[in-house]
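Every number for a ligand or one of its atoms is a count from 1 in the order of the listing. The analysis underlying the following values was restricted to heavy atoms, covering all of them including side chains, and did not include hydrogens, waters or symmetry mates.
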Amino acid sequence: MYDPNNVFARILRGEIPCKKVYESDTALAFHDINPQAPTHILVIPKGAYVSLDDFTATASEAEIAGFFRAVGEVARQAGVVEPGYRILANIGRDAHQEVPHLHVHIFAGRDLGRMLAKAPE
Ligand code: 5GP
């Protein structure tokens, strides 16, 4: 179930400010409030979707194309294509998703290390 009062839904409604970097009919991108890298941008679809599986199962072709085009466009506009960047989407409990509205993180601006931390012993 989608919670219409999650923080990104409130940003989309203009109830909470954000540092916007990109907006289209289908997507919004803004700086993360607690950056984990020199560049840390969040890209979200404007529709009410919790997760990537939910989004790809129920969103229109235009929403899906618009969202993924936005991720690439934001990376280009942020100037991070060289020397590189990482995208990440946390989905659900085991991935520690905090905000239940689909979002892709774009991290860049430093060596981002290996893909995942070593699992605890
Ligand atoms: P998750 O763990 O769900 O993948 O990440 C949620 C992200 O949203 C976190 O990196 C967190 O710092 C960011 N965040 C949470 N609340 C806000 C907010 O009000 N504004 C912005 N810009 N980012 C937020």
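What sits closest to atom 8 (O) of ligand 1 on the protein, heavy atoms only, is F8 CZ, 3.4 Å. Atom 22 (N) of ligand 1 has H31 O, 2.9 Å as its closest protein atom, hydrogens excluded (heavy atom only). Protein heavy atom at the shortest distance from atom 19 (O) of ligand 1 is V7 CG2, 3.3 Å. If you check which protein heavy atom lies closest to atom 3 (O) of ligand 1, you get E98 N, 2.6 Å.
Taking every non-hydrogen atom of F30 and a distance limit under 4.0 Å, the qualifying atoms of ligand 1 come out as 22 (N). Counting atoms of ligand 1 from 1 in the listed order, those under 4.0 Å from a heavy atom of H96 are 2 (O). Within ligand 1, counting atoms from 1 as listed, the ones closer than 4.0 Å to a heavy atom of Q97 are 3 (O). Against a heavy-atom cut-off of under 4.0 Å, N90 is close to the following atoms of ligand 1: 1 (P), 2 (O), 4 (O). Which parts of ligand 1 touch N34 is read off a 4.0 Å heavy-atom cut-off, strictly below it: atoms 12 (O). The distance from ligand 1 to the heavy atoms of H105 drops below 4.0 Å at these ligand atoms: 1 (P), 4 (O), 5 (O), 7 (C), 10 (O).
Taking all heavy atoms of I41, D32, V99 into account, the minimum distance to atom 9 (C) of ligand 1 is reached by D32.
Between the side chains of H40 and H105, at least one donor N or O lies within less than 3.5 Å of an accepting N or O.
Residue-level proximity to ligand 1 for I33 is carried by backbone and side chain together, each with a heavy atom below 4.0 angstrom. When heavy-atom distances to ligand 1 are checked against a 4.0 Å cut-off, Q36 has no atom that comes that close, whether in backbone or side chain.
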Passes side-chain contact (heavy atoms from CB on, under 4.5 Å), Y22 versus Q77? Steps please. CA-CA 9 Å; Y22 174 91; Q77 286 186 9; 4.0 Å; yes
Please report the C-alpha distance between F55 and F67 in whole Å, then the side-chain angles of each, then the deciding distance to 0.1 Å, and finally whether the ring-ring contact (aromatic ring centres under 6.0 Å, His included) criterion is met. CA-CA 10 Å; F55 181 60; F67 176 65; 5.4 Å; yes
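Follow the hydrophobic side-chain contacts under 4.5 Å out from F107 and you never reach F68; the two are in separate clusters.
For K46 and E23, the salt-bridge test passes: some basic side-chain N is under 4.0 Å from an acidic carboxylate O.
Atom CG of N5 has more than 12 neighbouring heavy atoms from other residues, nucleotides or ligands inside a 6.0 Å radius. Annotation for E61: atom CD does not count as buried by contact number, only 12 or fewer foreign heavy atoms lying within 6.0 Å. A 6.0 Å sphere centred on CZ of R93 holds no more than 12 heavy atoms belonging to other residues, nucleotides or ligands.
Atoms NZ and CG, on K19 and D32 in that order, are 11.0 Å from each other to the nearest 0.5 Å.
Remark: distances from the non-hydrogen atoms of L42 to ligand 1 include one below 4.0 Å. By the 4.0 Å heavy-atom criterion, K19 is excluded from the residues contacting ligand 1. Within the 4.0 Å heavy-atom shell around ligand 1 one finds H103.
H103 and F8 have their aromatic ring centers within a separation under 6.0 angstrom.
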